[in-house]
Amino acid sequence: MQICKTVTEVRRTMADLPAQGSVGLVTTMGALHAGHMALVAAARADHAAVVATIFVNPTQFGDPKDLEAYPRTEDADLAMLKDAGVAMVFLPNASEIYPEGEETIVETTHLANILHGVVRPGHFRGVATVVTKLFNIIQPDAAYFGEKDYQQLAVIRRMVTDLHIPVQIHGVPTVREADGLAMSSRNIRLVGHERSDARVLYQSLTVAETMVKEGKTVELVAETIRDIIGSRRAATLVGLDIVDAAAFAHVTGIPTHPIGIMIAVQFKNVLLIDQKEITP
Ligand code: PAF
């Protein structure tokens, strides 16, 4: 497995990869877990070579303390990627990605500033900008993203369409712990009983799914989610959006098309998100 720290090294290494066939990309911020490895496995199934990136992107963090506290487990990450058969890892530092600061940005103007974008201003602009840079540096045929980050996936799909970026985007289903908690690098920041309270995200989405399939209104579904999450002291619901899965616009009444439910729950030290796409 090649480890590259600079764009020049990546370009040199990539020049050798096309001879082996197409390239699948998995972008990460490190602190890898089974969810990331599912992305790598999906990319490996489709492509001769898989490239991974590890970069904790400063421009997608609103709060500098959140950026500082983001877990960094580089040695373990590299060992996991090597075992999974990754051909190359790009591990840049911030000055390699933003050599001249942030003069040029990429923003999906509407999608980035609704729903979770309201809770996290600037977040999706940072994501779109860094993902565009990584696509330009690596030039993969396809890239793999978790469905857990539902709005992120929609932002990236839209950006690739609008900017005519020749990369196929694949969404990969969320990998969960045995009790349903979506795997996330942030889970290790849950303290004490917060870990068991965090089950409430998936529980509320599961109840919501049953209700939607029974023909209940989204208003009633939203109220039930609020009640379930509100029943845990450690958990504060800070984002709840029920949107049409295709248009990403809020829905009302009894849904007739697939919907996406996105929730964001604040614990003492960490904001967790989860989502479910449901066909009525
Ligand atoms: O999903 C993530 O880990 C990050 O948002 C991404 C896509 C690697 C961009 O920094």
Side-chain angles (χ1 to χ4, degrees), residues 4 7 10 24-40 42-43 50-64 66-74 76-78 80-81 86 88-98 102 105-108 111-112 115-117 119-138 140 142-160 163 165 167-175 182-189 262 264 270-275:
C4 301
V7 176
V10 170
L25 173 67
V26 176
T27 60
T28 81
M29 298 205 298
L32 302 184
H33 51 66
H36 296 108
M37 300 327 285
L39 304 182
V40 172
V50 175
V51 171
T53 63
I54 300 176
F55 177 59
V56 183
N57 174 35
T59 67
Q60 68 187 76
F61 288 82
D63 178 357
D66 196 23
L67 170 63
E68 206 178 300
Y70 201 84
R72 282 143 171 105
T73 56
E74 195 179 299
D77 294 346
L78 290 175
M80 284 166 84
L81 294 172
V86 166
M88 185 190 90
V89 181
F90 180 38
L91 198 79
N93 59 32
S95 61
E96 190 67 18
I97 297 295
Y98 297 99
E102 280 182 75
I105 52 156
V106 178
E107 183 166 33
T108 53
L111 261 184
L115 314 171
H116 286 176
V119 184
R120 305 178 74 185
H123 171 72
F124 291 114
R125 182 176 59 225
V127 170
T129 301
V130 78
V131 170
T132 303
K133 285 170 179 269
L134 294 171
F135 283 176
N136 285 340
I137 295 165
I138 291 151
Y144 294 75
F145 295 90
E147 287 176 355
K148 178 171 86 70
D149 296 305
Y150 193 63
Q151 190 171 353
Q152 169 172 287
L153 184 55
V155 163
I156 290 167
R157 285 193 200 282
R158 184 61 196 260
M159 168 192 106
V160 160
L163 297 181
I165 301 177
V167 177
Q168 237 181 21
I169 304 299
H170 297 275
V172 177
T174 304
V175 179
M183 291 207 180
S184 164
S185 313
R186 294 170 178 268
N187 291 351
I188 55 171
R189 291 170 63 193
M262 293 180 282
V270 63
L271 178 75
L272 296 186
I273 62 168
D274 205 348
Q275 66 79 30

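Whatever order the structure lists ligands and atoms in, that order sets their numbers, starting from 1.
Ranking the protein heavy atoms by distance from atom 3 (O) of ligand 1 puts Met29 CG, 3.8 Å first. Taking atom 2 (C) of ligand 1 as the reference point, the nearest protein heavy-atom neighbour is Gln152 NE2, 3.9 Å.
With a 6.0 Å radius and a threshold of 12 heavy atoms from other residues, nucleotides or ligands, Arg158 has its CZ atom at or below the threshold.
By the 30° and 60° cut-offs, the orientation of the rings of Phe145 relative to Phe135 is perpendicular.
With ligand atoms numbered from 1 in the order given, ligand 1 contributes 4 (C), 5 (O), 9 (C), 10 (O) to contacts under 4.0 Å with heavy atoms of Gln60.
The side chain of Val130, and not its backbone, has at least one atom closer than 4.0 Å to an atom of ligand 1 (non-hydrogen atoms only; side chain from C-beta on). Under 4.0 angstrom from ligand 1, there are no non-hydrogen atoms of Thr53.
A salt bridge links Arg189 with Asp66: the distance from a Lys NZ or Arg NE/NH1/NH2 to an Asp or Glu carboxylate oxygen falls below 4.0 Å.
Between the Arg157 side chain and the Ile169 main chain, a donor and an acceptor come within less than 3.5 Å of each other.
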Problem set entry | Ile97 vs Asn57, side chain to side chain contact (heavy atoms under 4.5 Å, CB included): CA-CA, chis, key distance, verdict | CA-CA 9 Å; Ile97 297 295; Asn57 174 35; 5.5 Å; no
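Ligand 1 has no nitrogen or oxygen under 3.5 angstrom from a nitrogen or oxygen of Thr27. Looking at Thr28 next to ligand 1, no N or O pair under 3.5 Å apart turns up.
Shortest non-hydrogen contact noted between Ala128 and Val155 is CB-CG1, 4.3 Å.
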